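The model shown is predicted, which means the values in this text are computed figures rather than measured ones.
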Amino acid sequence: MAVAAAETRVFLEVRRRLQSALLILGGPDEGGMHLDISITPTSLLVRTPDGCTEIRLPAGVRLVPSSCGGLQYISGDGLHLRLRVQAESSPQPISVFNQSLQAQECCTFYCQSCGEVTIKDRKLLRVLPLPSENWSALVGEWCCHPDPFANRPLHPRENDCFIGDSFFLVNLKSDLEQEPKANTKVICKRCKVTLGEIMSSETTIFYMTEVIIRPSEGSFPNIPRSQFLQSIIAQCLVELSSARSTFRFTIQGQDGKVYILLWVLNSDSLVIEPLRSSSCSRKFPLLESSLEAGSGSAWNAIKVLYQPCIKSRNKELASSWEGDISVHPLTLPSATCLELLLILSRNNASLPLSLRQMNSFQVAFLKM
């Protein structure tokens, strides 16, 4: 098929669960040029007089060329069409903590931003998930006698690591030269980023978004900040959505201030970007931060709706969500909340115009 278009943008989203794909080919409304589209089960090639744009599908995903349908042109957006796909089920996400923490191992805690060692050679004898924040209120439903856990907070021992929704709890008493002061921030010595907070003399919280934990015999993995933050947040949202059947979240700072309202729309998206070469150029840079020229990429991603709440925006909606027991709060350092909002905004701006909003919410993808 052939249509008129100028500079070509390409967007392809595969929904594994629905076995369908949305393809958008866009360009300016004026100054059109000839555009040829070739679709095979394993690739998509768009040719213009100036070059080409190619998408190669990853293993386990195949297009059904004969199923092309729903063809329409949306002004200012481009040519839309849908296809059936044959796609394997989404891979099971690796737990945020199981991928890096195993009991009986000596582990080192690094600052994710700069690689500074925060805790060195800590042997973890117990790595345990914490119960939900409302666990104590439910004890009365489980026990026929007075609450045996009343006034007994869960403090980790020296070789423990407890896992919360977005944080690790450890005991740093033996690592500190002085008696730790409660409600004191843990700051990276090198880059001065807030890594966590000392809750009491026995408990220190480290945020999953700020530290990387690896076996001591390994080395620090240099992961781009945007990529790491997206991955951690996406995995947290997927795990909580699956475990607690909750899909709405408030992203709040350490002071309790809400920065973002997040609504998980789906977690089975595969976003595929074009392959670039000297004659093939990528025109749609979604999630572009870590790509290099000459590479093509496909990501498993979650699709979210979001609303920013900074500078008193969406104040009434935020208040309503905070009072709703079906909405789950995630607490992060305030600077990280702003980082996440910037990532969401940038990814939203990269989407075709018709996909950037749904009802009153903005749309974005978070790479897993």
Side-chain angles (χ1 to χ4, degrees), residues 91-130 155-177 180 185-199 202-240 287 289-292 297 299-302 330-333 335-336 339-340 343 366-368:
Q92 288 295 321
I94 301 173
S95 170
V96 172
F97 53 89
N98 283 343
Q99 66 178 339
S100 57
L101 287 178
Q102 297 294 332
Q104 309 299 322
E105 280 189 337
C106 278
C107 294
T108 295
F109 289 52
Y110 300 92
C111 168
Q112 193 279 324
S113 296
C114 70
E116 177 74 7
V117 173
T118 304
I119 305 176
K120 188 175 182 180
D121 297 335
R122 170 66 65 93
K123 186 166 186 178
L124 300 175
L125 301 180
R126 296 195 305 172
V127 179
L128 302 172
L130 287 168
H155 291 307
R157 300 172 185 169
E158 182 177 347
N159 299 110
D160 291 344
C161 183
F162 295 164
I163 315 298
D165 294 338
S166 58
F167 57 86
F168 305 105
L169 283 186
V170 295
N171 188 325
L172 288 186
K173 195 170 184 179
S174 62
D175 296 80
L176 301 176
E177 298 177 0
K185 291 183 179 180
V186 179
I187 307 294
C188 175
K189 295 178 180 178
R190 179 187 295 174
C191 67
K192 308 306 179 185
V193 165
T194 298
L195 305 178
E197 186 176 354
I198 297 173
M199 310 301 293
E202 298 179 346
T203 305
T204 299
I205 182 172
F206 284 103
Y207 293 104
M208 291 179 181
T209 55
E210 312 309 317
V211 298
I212 290 182
I213 306 175
R214 288 292 184 270
S216 294
E217 63 270 16
S219 58
F220 171 72
N222 190 11
I223 304 172
R225 175 63 180 168
S226 175
Q227 179 182 334
F228 176 81
L229 184 55
Q230 287 185 74
S231 177
I232 290 295
I233 295 297
Q235 290 179 64
C236 285
L237 295 176
V238 169
E239 287 187 11
L240 290 169
L287 307 174
S289 58
S290 61
L291 294 181
E292 296 180 357
S297 297
W299 297 280
N300 292 304
I302 68 169
L330 280 180
T331 301
L332 305 171
T336 302
E339 275 186 274
L340 178 59
I343 290 170
L366 288 175
K367 176 183 173 183
M368 296 181 66

(request) Step through the shown structure and confirm whether more than 12 heavy atoms of other residues, nucleotides or ligands are within 6.0 Å of CZ on Arg190. (result) yes

(message) Return the CD1 to OG1 distance between Ile119 and Thr204, rounded to the nearest 0.5 Å.
(response) 7.5 Å

(request) Locate the shortest heavy-atom distance separating Thr108 from Asp121; write the atom from each residue and the value. (result) OG1-N, 3.5 Å

(message) side chain to side chain contact (heavy atoms under 4.5 Å, CB included), that's the test. Do Leu169 and Ile205 meet it? Break it down for me.
(response) CA-CA 5 Å; Leu169 283 186; Ile205 182 172; 3.8 Å; yes

(message) Salt bridge check, Glu158 against Lys123: does any charged N sit closer than 4.0 Å to a carboxylate O?
(response) no

(message) Give me the atom names and distance for the closest heavy-atom approach of Leu229 to Leu340.
(response) CD2-N, 4.0 Å

(message) Whether the side chain of Gln230 engages the backbone of Lys367 through a donor-acceptor N/O pair (distance < 3.5 Å, no angle test) should be reported.
(response) yes

(request) Report the distance from atom CD of Gln235 to atom CD1 of Ile302, rounding to the nearest 0.5 Å. (result) 10.0 Å

(request) Please name the pair of heavy atoms, one in Arg122 and one in Asn159, separated by the smallest distance, quoted to 0.1 Å. (result) CD-ND2, 4.2 Å

(message) Does Cys114 form a side chain to side chain contact (heavy atoms under 4.5 Å, CB included) with Cys188? I'd like the steps, not just the answer.
(response) CA-CA 9 Å; Cys114 70; Cys188 175; 3.5 Å; yes

(message) Would you say that Tyr207 contacts Leu195 through its side chain, given a criterion of any heavy-atom pair below 4.5 Å between the two side chains?
(response) no

(request) With rounding to the nearest 0.5 Å, note down the distance linking CD in Glu116 to NZ in Lys192. (result) 9.5 Å

(request) Verify side chain to side chain contact (heavy atoms under 4.5 Å, CB included) between Leu330 and Asp165, making sure each step is shown before the conclusion. (result) CA-CA 7 Å; Leu330 280 180; Asp165 294 338; 3.8 Å; yes

(message) Looking at every heavy atom in both Ser166 and Thr331, which two are closest together, and how far apart are they?
(response) OG-O, 3.2 Å

(message) With heavy-atom distances below 4.5 Å as the criterion, would you say the side chains of Val170 and Asp160 are in contact?
(response) no

(request) Heavy atoms only: give me the nearest Arg225-Thr336 pair and the separation to one decimal. (result) NH2-OG1, 3.6 Å

(request) Applying side chain to side chain contact (heavy atoms under 4.5 Å, CB included), run through Phe228 and Ile212 and close with a yes or a no. (result) CA-CA 10 Å; Phe228 176 81; Ile212 290 182; 3.7 Å; yes

(request) Rounded to the nearest 0.5 Å, what's the gap from NE2 on His155 to CE on Met199? Could you check? (result) 10.0 Å

(request) May I ask you to test the Leu237-Leu366 pair for a side-chain heavy-atom distance under 4.5 Å? (result) yes

(message) Does the plane of the ring in Phe168 sit parallel, tilted or perpendicular to the ring in Phe109? Use 30° and 60° as the thresholds.
(response) perpendicular

(request) Looking only at non-hydrogen atoms, find the nearest pair between Gly164 and Met208 and report the distance. (result) O-CE, 3.4 Å

(message) To the closest 0.5 Å, what do you measure between CZ (Phe206) and OG1 (Thr194)?
(response) 11.5 Å

(request) Could you tell me whether the side chain of Gln112 and the main chain of Ile223 form a donor-acceptor pair under 3.5 Å? (result) yes

(message) How long is the straight-line distance from CD of Glu202 back to CG of Asn171, given to the nearest 0.5 Å?
(response) 6.5 Å

